[in-house]
2 protein chains.
Amino acid sequence: MMSHDNICPVDTTLSILFKKWKPVILFHLHNQGTVRFSEFQRLIRLSTKRTITKKMLTQQLRELEEDGLIYRIIYPEVPPKVEYLLTDYGKTTKTMIEEIVKWGNDHLDKTIRSNGTS
Amino acid sequence: MMSHDNICPVDTTLSILFKKWKPVILFHLHNQGTVRFSEFQRLIRLSTKRTITKKMLTQQLRELEEDGLIYRIIYPEVPPKVEYLLTDYGKTTKTMIEEIVKWGNDHLDKTIRSNGTS
DNA sequence: CAGTATCCGAGTGGATACTG
DNA sequence: CAGTATCCACTCGGATACTG
């Protein structure tokens, strides 16, 4: 324990992986393997029932790329085609995302069941 | 899979456990078992090098309490003494928090090592 | 000690329009 | 298709002061 002097590992993970839409993005990447830009918008809209703007999506993807978690592959075609996929390092987030999905589902179970009981 | 129609488990977990200071709070609760209000301020200051205001801390703790993750025990003394601890349900976040700590440490290792190498 | 109340500036992120 | 650019309303959360 007490690695790295006094830099907080929790804070580190939060700032890199748990900002805004990043966990959802990682979730879909773990699921689909490869995802295109517009596909992200669709997937996110479907799973979260919320809309992510292009600006936001771009920003989040860029940050993930800069942190070495995803690749951005640009196909020089017309119309443009860009694919995103996890780097090996990005794949190390698998367990974490799985835990999050699991916990979320458990909580939803719990919440939904607690009709009637009190 | 595909539990709960189309409510996103990732979003659910994020909204309950990963807002602001909550993961750090949970982290310290898993570590210490029982934590007092002022102790939280100290622990958080030490581990994150940031200051959490009373307002923020109160708010976060209240939300965690309302979601059934922690207990708030008030000792009717003067001066007041309030202790926080995880409920059984709160304890189910252990694996997740551990994963986050682990990943954070790994990332810090990686980052620190990548001096010189490239 | 463990909060509550108020004020307010900075930053976030949505909406919208434009581009290669 | 996959972005970029701009504008701005709104929220968030820090600072500060007060309280049982």
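Each chain gets a letter, A, B and so on, in the order the sequences are listed, and its residues count up from 1. Side-chain atoms are counted along with the backbone in the values below, which use heavy atoms only and exclude waters and symmetry mates.
Protein atom CD of B/E63 is 13 Å distant from nucleotide atom C1' of D/dG13, rounded to whole Å. As a whole-Å value, the separation of B/I74 CD1 from C/dA2 P is 11 Å. Atom CH2 of B/W21 is separated from atom C1' of D/dG13 by 10 Å (rounded to the nearest Å). Atom CG of B/L57 and atom P of D/dG14 are 11 Å apart (whole Å). Rounded to an integer number of Å, the gap from NZ of B/K55 to P of D/dG13 is 9 Å. Rounded to whole Å, the distance from CD on A/Q59 to P on D/dA2 is 19 Å. At whole-Å resolution of the value, CG in A/L61 and C1' in D/dG3 are 11 Å apart. Per the geometry, CD belonging to B/Q41 stands 12 Å off P belonging to D/dA15, to the nearest Å.
Residues A/H107 and B/T13 bring no donor and acceptor atom of their side chains to less than 3.5 Å of each other. Side-chain atoms of B/Y71 and B/E65 form no donor-acceptor pair, as typed in the model, at a separation below 3.5 Å. Checking B/W103 against A/T92 by side-chain atom types alone, a donor-acceptor pair falls below 3.5 Å.
Each of D/dG14, C/dG14, C/dT4 was ranked by its minimum atom distance to the side chain of A/M56; first place goes to C/dG14. Considering only the side chain of A/Y84, D/dG3 comes nearest among D/dG13, D/dG3, C/dG3. Here C/dC1 is the nucleotide among C/dC1, D/dA2, C/dG3 with the atom lying nearest to any side-chain atom of B/P80. Considering only the side chain of A/V82, D/dG3 comes nearest among D/dG3, C/dA5, D/dT6.
Residue A/R72 places no side-chain N or O under 4.0 Å from the OP1 or OP2 atom of D/dA2. Proximity of A/R50 to the phosphate of C/dG14: no side-chain N or O atom is located under 4.0 Å from OP1 or OP2. Between B/K20 and D/dG13 there is a side-chain N or O to OP1 or OP2 distance below 4.0 Å. Between A/R36 and D/dA2 there is a side-chain N or O to OP1 or OP2 distance below 4.0 Å. Applying the 4.0 Å criterion to OP1 and OP2 of D/dA2, one finds that A/S38 has a side-chain N or O inside that range. For the pair A/R62 and D/dT4, the criterion of a side-chain N or O lying under 4.0 Å from OP1 or OP2 is met.
Not less than 6.0 angstrom separates the ring centroid of A/W21 from the ring centroid of A/F40.
Within the 4.0 angstrom heavy-atom criterion, no nucleotide atom of any strand lies near B/F40. Using a 4.0 Å heavy-atom cutoff across all strands shown, A/Y75 reaches no nucleic acid atom at all. Using a 4.0 Å heavy-atom distance criterion, B/K54 is classed as a base contact.
D/dG20 is paired with C/dC1 under the criterion used here, namely a Watson-Crick or G-U wobble arrangement in which both key atom distances are under 3.5 Å.
Using a 4.5 Å heavy-atom cutoff, the side chains of A/H28 and A/V24 are in contact.
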Legend entry - Steps toward side-chain contact (heavy atoms from CB on, under 4.5 Å) verdict (B/R72, B/V82): CA-CA 7 Å; B/R72 177 166 174 255; B/V82 178; 3.8 Å; yes
